[in-house]
Undergrad: 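My structure is below; once you've seen it, I'll send some questions.
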Amino acid sequence: MTICLSFGHYIVIEFNNVSFAYLGAVTPVLYNLSLSIEEGSFVALCGHNGSGKSTIARLCNGLLMPDKGQVLVQGNSTLDKRKLFEIRKTVGLVFQNPDNQTVATIVEDDVAFGPENIGIPRAEIRERVDWALQVVGMTEYAKGTHTRLSGGQKQRVAIASILALKPRVIVLDESTSMLDPKGRDEVLKVVQQLNREHGMTVIMITHFMEEAHLADRIVVLNKGKIVLDGGKEIFDYKDILVDAGLELPPYANIASSLGLTGINDEKNLVDKLSSSLKAQNSNQYVVKKNSQHYISNETTDTLKPVIVAAKDLTYTYSPKSSFAKVALDSIDISINEGDFLGIVGHTGSGKTTFVGHLNALIKMQYGQLVVCGLDLSSKFDFKSLRSQVGMVFQYPEYQLFDETVAKDIAFGPKNIKLEQKEIEQRVKESIHLVGLDFDTIANKSPFELSGGQKRRVALAGVIAMRPKILVLDEPTAGLDPKGKTEILDLIVNIKHYCQTVIMISHNMDEVAKYCNRVALFSSSKLLQVSSPKELFKQTQLLQSLRLDIPSSIRIASKLIEMGIDLPIDILSVEQLIEQLKLI
């Protein structure tokens with residue numbers, strides 16, 4: 001089903017019956033796709049991993065060429081090599097990871113790089129750099145280095161680097177997926193400003209439907225084809241979105257589950273629910289602002305052995321230099337065996353530095369740290385530590401390196417000198433645990449796999465070591481909603497083998513749903529360790545620290561303020577929907 005939406009502007013980018021397949025692939029990524037982008041529009045391009053979104057981005061400015069059909073930019077075909085220079089000046093592309101786009105050490109030099117390469121006069125380059133940095137709010141950092149910037153600031157510089165080329169179209173390929181909530185908001189505000197105040201055409205590729213909600217037009221892809229194309233009314237088509245590997249924004253999910261239509265934002269939902277529920281209960285309605293009943297899904301707190309204990313843990317990058325930066329400042333924490341501990345905090349707060357200490361990837365400088373009974377402040381057995389603490393990085397697929405999947409997973413067990421029979425058994429079990437078929441996948445190259453399969457194989461490689469502690473740094477980064485749920489459910493199942501899980505996340509909904517304790521970091525300090533329920537009561541604190549609260553808690557709190565009788569510790573959208581159905 002396609003819903004048409006018109007902006008009344010002329011077409012700036014046009015796909016005419018475009019098909020594209022990557023080298024060696026059996027199935028095309030895009031098949032006979034037609035799409036028109038009108039000048040001045042703000043278009044969100046959504047779909048599951050592998051649906052063709054990023055391929056469209058690269059086709060837009062000639063980084064890729066169609067196998068069939070044609071892509072026109074201001075009427076110029078990307079197949080015409082003589083027009084590519086002009087096309088790439090017209091369409092600027094911002095990638096997911098800003099570090100991959102950095103070419104100079106100093107911020108203003110990086111922004112100047114593009115204009116210099118297209119022969120812009122020096123005086124005009126200066127004007128463009130100053131203008132671009134001013135638009136993204138980074139003027140005060142012009143003389144600074146990238147190493148001192150947060151993720152959100154780096155992404156704003158990446159956008160400024162594209163703006164300095166004065167493109168008519170800017171394409172953002174998952175450009176907020178690595179950012180904390182505040183950094184994401186900063187980038188999105190810049191994008192909206194570019195569209196509304198500067199008339200720039202924006203194509204935003206995203207998995208976050210809350211981001212897609214900001215666009216004038218939402219195009220949904222499924223297996224290389226457009227299945228929905230329209231405004232916010234597409235959220236009424238829940239089944240099609242779910243089939244495309246997406247999910248509704250929380251407000252739309254709640255509305256759909258309760259049979260409400262015409263809901264176009266969170267405020268609209270709260271107002272509609274409040275008036276509807278009060279009308280239903282007009283005869284017996286009682287305001288219960290201070291309701292104290294609970295539905296907490298937390299496990300009962302029992303005394304468990306401490307598996308990680310840090311005291312006064314302190315770490316400084318580049319000590320005794322002008323670039324010295326304190327990353328951990330006197331951290332005191334105890335992690336119990338069996339915990340599913342969430343670690344949250346703004347970009348640069350010290351989260352990754354802390355977990356890097358747990359298996360000695362980062363060498364201790366000061367303080368005490370005991371992990372699995374090993375004192376890391378004195379001599380200890382590295383092999384024993386690393387067999388007990390498994391580390392999965394933000395993009396675990398980058399950990400793959402061997403010829404076949406089986407060899408890659410076997411690498412760790414081989415290094416700790418296990419018997420060959422035991423190694424083979426662990427490889428088979430680990431592949432099964434991550435939901436893959438051994439016979440199908442064992443002898444394949446890990447680099448031939450899909451993104452989701454690579455992530456599972458990387459997890460299998462860690463599981464094969466049978467660690468007591470599994471450390472995950474943003475395990476769902478870059479995944480579509482279906483992929484995120486699959487990975488997190490997988491981690492819950494793995495917890496039977498790796499009993500203690502420590503997960504860094506910027507997604508507060510994930511933390512609320514899966515974690516029993518949460519450690520809050522800010523500016524190199526550990527502010528508190530508490531239950532999700534206690535943490536998310538502190539709305540003002542979290543927002544002051546560039547963080548957010550789960551959407552379910554935010555909506556429930558507003559309804560409670562308006563007199564709706566709801567439990568005070570709702571942690572998930574599913575719990576909120578269940579409770580609203582009972583009223």
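The residues of the chain are indexed from 1 along the displayed sequence.
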Undergrad: Rounded to the nearest 0.5 Å, what's the gap from OG1 on T316 to NZ on K325? Could you check?
TA: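 Answer for the OG1-NZ pair, T316 versus K325, is 11.0 Å.
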
Undergrad: Tell me, do S544 and L541 make a side-chain contact under 4.5 Å, heavy atoms counted?
TA: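 A side-chain contact under 4.5 Å exists here.
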
Undergrad: Minimum heavy-atom separation for K351 and H346, please, with both atom names.
TA: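 The answer is NZ-O, 3.1 Å.
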
Undergrad: How about NZ on K482, more than 12 heavy atoms from neighbouring residues, nucleotides or ligands closer than 6.0 Å, or not?
TA: no

Undergrad: Is the ring pair F380/F382 parallel, tilted or perpendicular, if the boundaries are 30 and 60 degrees?
TA: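 Aromatic pair F380/F382 classed tilted.
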
Undergrad: Charged N to carboxylate O below 4.0 Å: is that the case for E534 and K537?
TA: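 K537 and E534: salt-bridged.
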
Undergrad: Once you round to the nearest 0.5 Å, how far does CG of L470 lie from CE of M503?
TA: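 So the CG of L470 and the CE of M503 are separated by 10.5 Å.
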
Undergrad: For side chain to side chain contact (heavy atoms under 4.5 Å, CB included), just list the numbers for L542 and L520, CA-CA rounded to whole Å, side-chain angles, deciding distance to a tenth of an Å, and then say yes or no.
TA: CA-CA 9 Å; L542 292 173; L520 174 62; 4.3 Å; yes

Undergrad: Contact between L576 and L566 at the side-chain level, heavy atoms closer than 4.5 Å - yes or no?
TA: yes

Undergrad: With the side chain counted from C-beta on, respond yes when M508 and V344 share a heavy-atom pair under 4.5 Å apart, and no when they do not.
TA: yes

Undergrad: Just by modelled atom types, is the A104 backbone N or O under 3.5 Å from a matching donor or acceptor in the D110 side chain?
TA: yes

Undergrad: Within the 4.5 Å heavy-atom criterion, are C498 and I469 side-chain neighbours or not?
TA: no

Undergrad: With side chain to side chain contact (heavy atoms under 4.5 Å, CB included) as the criterion, how do V457 and V434 come out once you've worked through the C-alpha distance, each side chain's angles and the decisive distance to 0.1 Å?
TA: CA-CA 7 Å; V457 169; V434 298; 6.0 Å; no

Undergrad: Any idea which heavy atoms bring L358 and L376 closest together, and the distance?
TA: O-CD2, 4.3 Å

Undergrad: Using only atom types and a distance under 3.5 Å, with no angle test, would you say the side chain of H207 pairs donor to acceptor with the backbone of G245?
TA: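 No.
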
Undergrad: Is there a side-chain contact between L328 and S524, using heavy atoms and a 4.5 Å cut-off?
TA: no

Undergrad: Using a 3.5 Å distance criterion without hydrogens, assess whether the side chain of N516 forms a donor-acceptor pair with backbone atoms of F340.
TA: yes

Undergrad: How about CD on E419, more than 12 heavy atoms from neighbouring residues, nucleotides or ligands closer than 6.0 Å, or not?
TA: no

Undergrad: Quick one, V157 with V136, criterion side chain to side chain contact (heavy atoms under 4.5 Å, CB included). Give me CA distance, side-chain angles, the key distance, then yes/no.
TA: CA-CA 7 Å; V157 172; V136 300; over 6 Å; no

Undergrad: Does a side-chain heavy-atom distance below 4.5 Å link V270 with L559?
TA: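 Contact flag for V270/L559 side chains = yes.
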
Undergrad: Between S161 and Q101, is any side-chain donor less than 3.5 angstrom from a side-chain acceptor?
TA: no

Undergrad: Atom CG of L241 and atom CG of L246: how far apart are they, to the nearest 0.5 Å?
TA: 6.0 Å

Undergrad: Near E422 CD, under 6.0 Å, is it more than 12 heavy atoms from other residues, nucleotides or ligands?
TA: yes

Undergrad: Do any N or O atoms from the side chain of Q155 and from the backbone of S175 form a donor-acceptor pair under 3.5 angstrom?
TA: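 Present.
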
Undergrad: Any salt bridge linking K304 with D339? Criterion: basic side-chain nitrogen under 4.0 Å from a carboxylate oxygen.
TA: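 No, K304 and D339 are not salt-bridged.
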
Undergrad: Is the backbone N or O of E474 less than 3.5 Å from a side-chain atom of S505, with the two atoms forming a donor-acceptor pair by type?
TA: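 Side chain of S505 to backbone of E474: no pair is present.
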
Undergrad: Which pair of heavy atoms, one from M391 and one from V355, lies closest together, and at what distance?
TA: CE-O, 3.1 Å

Undergrad: Please report the interatomic distance CD(Q528) to CD1(I333), rounded to the nearest 0.5 Å.
TA: 11.0 Å

Undergrad: Taking the side chain from K444 and the backbone from L449, do they hold a donor-acceptor pair closer than 3.5 Å?
TA: no

Undergrad: Roughly how far apart are I555 CD1 and I564 CD1, rounded to 0.5 Å?
TA: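 It is 13.5 Å, given to the nearest 0.5 Å.
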
Undergrad: M138 vs E186, test: side chain to side chain contact (heavy atoms under 4.5 Å, CB included). Steps then yes/no.
TA: CA-CA 11 Å; M138 291 295 290; E186 289 172 351; over 6 Å; no

Undergrad: With under 30° as parallel and over 60° as perpendicular, where do the rings of H213 and Y251 fit, or are they tilted in between?
TA: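 Rings of H213 and Y251: perpendicular, as their planes differ by over 60°.
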
Undergrad: Classify the ring geometry between F354 and F521 as parallel (under 30°), tilted (30 to 60°) or perpendicular (over 60°).
TA: tilted

Undergrad: Does the side chain of Y317 come within less than 4.5 Å of I362's, by heavy atoms?
TA: yes

Undergrad: Does atom CD of E403 have more than 12 heavy-atom neighbours, drawn from other residues, nucleotides or ligands, at distances under 6.0 Å?
TA: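 Open.
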
Undergrad: Counting only heavy atoms not in F447 (residues, nucleotides, ligands), do more than 12 fall under 6.0 Å from its CZ?
TA: yes

Undergrad: What are the two closest non-hydrogen atoms of S430 and I409, and how far apart are they?
TA: CB-CG2, 4.3 Å

Undergrad: Determine yes or no for a side-chain-to-main-chain donor-acceptor pair under 3.5 angstrom, with S387 supplying the side chain and S384 the backbone.
TA: yes

Undergrad: Donor-acceptor pair, distance only, cut-off 3.5 Å: does the side chain of K495 make one with the backbone of G338?
TA: yes

Undergrad: In sequence, state the C-alpha distance, the side-chain angles, and the governing distance for K428 and E424, and then conclude on salt bridge (Lys or Arg N to Asp or Glu O under 4.0 Å).
TA: CA-CA 6 Å; K428 287 183 179 179; E424 291 173 2; over 6 Å; no

Undergrad: So which atom in V371 and which in V308 form the shortest heavy-atom distance, rounded to 0.1 Å?
TA: CG1-CG2, 4.2 Å

Undergrad: Tell me the closest heavy-atom pair linking V392 and Q399, and the distance in Å.
TA: CA-OE1, 3.6 Å

Undergrad: Would you say that T539 contacts I553 through its side chain, given a criterion of any heavy-atom pair below 4.5 Å between the two side chains?
TA: no

Undergrad: Between the side chains of S552 and Q575, does any donor sit under 3.5 Å from an acceptor?
TA: no

Undergrad: Rounded to the nearest 0.5 Å, how far apart are CD1 of I549 and CG of D509?
TA: 10.0 Å

Undergrad: N415 and K383: side chain to side chain donor-acceptor pair (under 3.5 Å), yes or no, with the steps?
TA: CA-CA 9 Å; N415 271 0; K383 186 177 289 186; over 6 Å; no

Undergrad: Taking Q499's backbone N and O only, do any of them form a donor-acceptor pair with E337's side chain (distance below 3.5 Å, no angle check)?
TA: no

Undergrad: Has the side chain of S522 got a donor or acceptor atom that lies under 3.5 Å from a matching backbone atom of L545?
TA: no

